[in-house]
Amino acid sequence: MSEPSQFQAPVGTHDVLAPESAQWEGLLSTFADWAHRYGFSLVITPVFEDVGVFNRGIGEASDVARKEMYVFKDRGDRTYALRPEGTAPIVRAFIQHQPTTPFKAWYFTPGFRYERPQAGRYRQHHQLGVEVLGTDDPAVDVEVITLAQRFFEAVGLTRFRLLINSMGHAQCRGAYVELLRAHLEAHVGELCDEHQKTWRENPLRVLDCKNAACIAVTERGPMLIDHLCDDCRAHFDAVLDGLGRLGVASELSPRLVRGFDYYSRTTFEFVADALGGAQNAIGGGGRYDGLVEQLGGKPTSGIGFGSGVERLLLTREAEGAAALLSRHLDVFVVDTTGDAAAVLLDRLRRAGVASDRAYDHRSMKAQMKVADKSGARLALLIGPQELSAGEVTIRDLRSADFEQHQSRVPDQDVVSTILRLLQAK
RNA sequence: GUGGGCGUAGCUCAGUUGGUUAGAGCGCCAGGUUGUGGUCCUGGAGGUCGCGGGUUCGACCCCCGUCGCUCACCCCA
């Protein structure tokens, strides 16, 4: 295998260039703002971790742990994995640093999974999310879910729904799984090909199988929501009640079972109706009251959600949402003397004005073309005349007739004049 | 891991039953207007037709392989 004659981004990964990158900026800053409003602080953890952090966290039997992780050995023979999801590393950091609780963290991170790419699914994708550790108060469940709801609204989404379920805690779920297993065993022959083989190791998975055969079987079987213990039932009711009081609509979804082993009690998923395909989950999460222990910490409750940036952007596009952020220059400096631009730009930029210039000593006409395409509102012209007069010509690029829409100002007044013009809008 | 569709200039695409120098629009550069953008006109640069092999007198076109892109299954954000 020789080197390719031209490199390109690895399979399932993408470069994000302007102008699309501005939507990423907008999404990210909106999320940072909302997370801050809810009292969350940014936490940054490494993109790779000891492989055990993920194996023990998400469950060795899960598809992600079994065949989708990017695992590698470093030169010191340590085995690491690129993070496939965002929760386990935050929990690891929580255990390591033992911060005071409740610990409310938000993050933005790439996630890596070795899967065949398709619309809305990539080998490197990006997630925004939050985690709260140290309390099982249902008020926190409500807050986390509401934050997601408000954030989606803030970025312009309108056609999405919140699906919610409770998976119970380890004991009541354990008892239920036995009931489910007995039911499945009695109907093995009716399950889809895949689950005829795997129902025994992960019976809960059969619940969210989309195959009609499996649905027919589980429809007649026991539902977890009907077998919660009193505590879990009360917790779930409190969450539903809290959401209702905030006007957050949810749909009870008894078949909603999330893929990672660590989930317990509240489980939820946001689905976008504008996304046609199967990849319509724009966010999801839930409570994971056993995860901290599994990773070696003291028993500690936790809950969080994660949302896929690429899918949010796809959904926004499908809904025709307005741009979150438009990045354009305020000023373009056209300098045919080659002497003045650098100093003038430095003054403008230090005053907060987004400004740029052309390079390579191009003609005034060529520089004006670049100025036009830059989207800048104003052009500053400096030629031999201005230079000798100690002045600068300010030209409004929104107007066609330059003789009516440009003026000369003394060099020392340029920055204040520009600031005033930009303010006037 | 499995299956379908598609790979021709920076981008979007034409390319006649295989026939000689592979085209268009947009974009880019320059000029028309030696100090003025968006319109217009003229000219220019830019392509190993994804890659390798085969069939043929001759392949962008047909066959095989391979790589890539894309969509779907599975799973998930």
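In what follows, chains carry the letters A, B, and so on, assigned in the order in which the sequence lines appear, proteins first and then strands, with residues in each chain numbered from 1. Hydrogens, waters and symmetry mates play no part in the numbers below; they use all other heavy atoms, side chains included. Since the model is a prediction, treat every value here as computed from it, not as a measurement.
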Is NZ or CZ of A:Arg83 both nearer than 6.0 Å to the six-membered ring centre of A:Phe112 and within 45° of the ring axis?
no
Give me each pair satisfying salt bridge (Lys or Arg N to Asp or Glu O under 4.0 Å) with a member in residues 352-363 of chain A, each pair once, sequence neighbours excluded.
A:Arg349-A:Asp356
Applying salt bridge (Lys or Arg N to Asp or Glu O under 4.0 Å) as the test, list every pair that has at least one member in residues 335-346 of chain A; sequence neighbours left out.
A:Asp346-A:Arg350
Grab the N/O contacts between the protein and nucleotides 49-51 of chain B below 3.5 Å, and write none if there aren't any.
none

Would you kindly give the CZ-to-C1' distance between A:Phe160 and B:A77, to the nearest whole Å?
16 Å
Can you tell me, in whole Å, how much space there is between the C1' of B:A9 and that of B:A24?
11 Å
To the nearest angstrom, the CD-C1' distance between A:Glu386 and B:U36 comes to 11 Å
Salt bridge (Lys or Arg N to Asp or Glu O under 4.0 Å): pairs with one or both residues in residues 139-165 of chain A, sequence neighbours excluded:
A:Lys104-A:Glu143, A:Asp141-A:Arg287, A:Arg150-A:Glu153, A:Arg161-A:Glu251, A:Arg161-A:Asp273
Give one of base, sugar-phosphate or nothing for A:Gln385, where a contact means two heavy atoms less than 4.0 Å apart.
base
What's the CG-C1' distance between A:Asp396 and B:U36, to the nearest Å?
13 Å
What protein N or O atoms touch nucleotides 2-5 of chain B N or O atoms at under 3.5 angstrom, if any, and at what distances?
| unit_1 | atom_1 | unit_2 | atom_2 | d |
| --- | --- | --- | --- | --- |
| B:U2 | O4 | A:Arg116 | NH1 | 3.0 |
| B:U2 | O4 | A:Arg116 | NH2 | 3.4 |
| B:G3 | O6 | A:Arg116 | NH2 | 3.1 |

Under the 3.5 angstrom rule, does the side chain of A:Arg220 hit a backbone N or O of A:Ala216 as a donor-acceptor pair?
yes
Which atom of A:Ser166 lies closest to which atom of A:Thr266, heavy atoms considered:
OG-N, 4.3 Å
Residues pairing under salt bridge (Lys or Arg N to Asp or Glu O under 4.0 Å) where one sits in residues 30-48 of chain A, two or more places apart or in two chains, turn out to be A:Asp33-A:Arg37
Within the 4.0 Å heavy-atom criterion, would you say A:Ile282 contacts the bases, only the backbone, or no part of the nucleic acid?
sugar-phosphate
Go through RNA chain B and write down every stem, that is, every run of at least three consecutive Watson-Crick or G-U wobble pairs with distances under 3.5 Å, as range with range.
B:1-7 with B:67-73, B:10-13 with B:23-26, B:28-32 with B:40-44, B:50-54 with B:62-66
Counting distance only, does the side-chain N/O of A:Glu386 pair as donor-acceptor with the main-chain N or O of A:Gly383 below 3.5 Å?
yes
Comparing nearest nucleotides in RNA chain B, the 5'-proximal residue of the pair A:Ala119, A:Gly284 is A:Ala119
Measure up the A:His227 and A:Tyr176 rings against each other and bin them: parallel (under 30°), tilted (30 to 60°), perpendicular (over 60°).
tilted
Using the C1' atom as the point on both nucleotides, what is the distance between B:C67 and B:G52, in whole Å?
10 Å
B:G1 to B:U55 separation - P atoms, rounded to the nearest Å:
33 Å
Restricting to ring-ring contact (aromatic ring centres under 6.0 Å, His included), what partner residues turn up for A:Phe40, sequence neighbours left out?
none
Determine: side-chain N/O of A:Gln8 to OP1/OP2 of B:G68, distance under 4.0 Å, yes or no.
no
Test log, rule ring-ring contact (aromatic ring centres under 6.0 Å, His included), inputs A:Phe31 and A:Phe108:
CA-CA 9 Å; A:Phe31 187 70; A:Phe108 165 65; 9.1 Å; no
Residues A:Arg316, A:Glu319: salt bridge by 4.0 Å N-O rule
no
C1'-based separation of B:C60 from B:C51 [nearest Å]:
14 Å
Are A:Gln367 and A:Thr336 close enough that a side-chain donor and a side-chain acceptor fall under 3.5 Å?
no
Heavy atoms only: give me the nearest A:Gln23-A:Leu325 pair and the separation to one decimal.
NE2-O, 3.0 Å
Classify A:Gly111 by what it touches in the nucleic acid, base, sugar-phosphate, or nothing, heavy-atom distance under 4.0 Å.
nothing
In whole angstrom, what separates A:Phe270's CZ from B:A77's C1'?
13 Å
I need the CD-C1' distance between A:Glu115 and B:G1, as an integer number of Å.
12 Å
CG of A:Asn280 versus C1' of B:C75: gap in Å, rounded?
13 Å
Ignoring hydrogens, what is the shortest heavy-atom contact between A:Gly304 and A:Val144? Give both atom names and the distance.
C-CG1, 4.1 Å
Taking the side chain of A:Val11 as its heavy atoms from C-beta onward, which of B:C71, B:G35, B:G68 lies nearest to it?
B:G68
Please work out whether the ring planes of A:Phe160 and A:Phe270 are parallel, tilted or perpendicular, with thresholds of 30° and 60°.
tilted
Output the single nucleotide from B:U36, B:C73, B:C75 whose closest atom is nearest the side chain of A:Met368.
B:U36
Pairwise 5' ranking along RNA chain B for A:Gly12 and A:Gly308, keeping only the more 5' one:
A:Gly12
Winner on side-chain proximity to A:Gln118, out of B:C74, B:G35, B:U36, is B:C74
What parts of residues 120-131 of chain A reach RNA chain B, counting only heavy atoms under 4.0 Å away?
A:Gly120, A:Arg121, A:Tyr122, A:His125, A:Gln127
Atom P, compared across B:U8 and B:A14: separation rounded to whole Å:
10 Å
Give each protein N/O atom lying under 3.5 Å from an N/O atom of nucleotides 26-32 of chain B, with the pair distance.
| unit_1 | atom_1 | unit_2 | atom_2 | d |
| --- | --- | --- | --- | --- |
| B:C28 | OP1 | A:Lys373 | NZ | 2.9 |
| B:C29 | OP1 | A:Arg362 | NH1 | 3.4 |
| B:C29 | OP1 | A:Arg362 | NH2 | 3.0 |
| B:A30 | OP2 | A:Arg362 | NH2 | 3.1 |
| B:G32 | N7 | A:Lys365 | NZ | 3.4 |
| B:G32 | O6 | A:Lys365 | NZ | 3.2 |

Given atom CD of A:Gln279 and atom P of B:C75, what is their separation to the nearest angstrom?
11 Å
Classify the side chain of A:Gln367 and the base of B:U36 as holding, or not holding, a donor-acceptor pair under 3.5 Å.
no
What distance, rounded to whole Å, do you find between the two P atoms, one in B:U16 and one in B:G53?
25 Å
Please name all residues satisfying salt bridge (Lys or Arg N to Asp or Glu O under 4.0 Å) with A:Glu185, sequence neighbours left out, ordered by chain then number.
A:Arg200
Name all residues meeting the ring-ring contact (aromatic ring centres under 6.0 Å, His included) criterion together with A:His361; count only those two or more places apart in sequence or in a different chain, and write none if there are none.
none
Given atom CD of A:Glu310 and atom P of B:A77, what is their separation to the nearest angstrom?
13 Å
Reckon A:Ala371 touches a base, only the sugar-phosphate, or nothing at all at heavy-atom distances under 4.0 Å?
nothing
When you compare B:A45 with B:G31, how far apart are their C1' atoms, in angstrom units rounded to a whole number?
14 Å
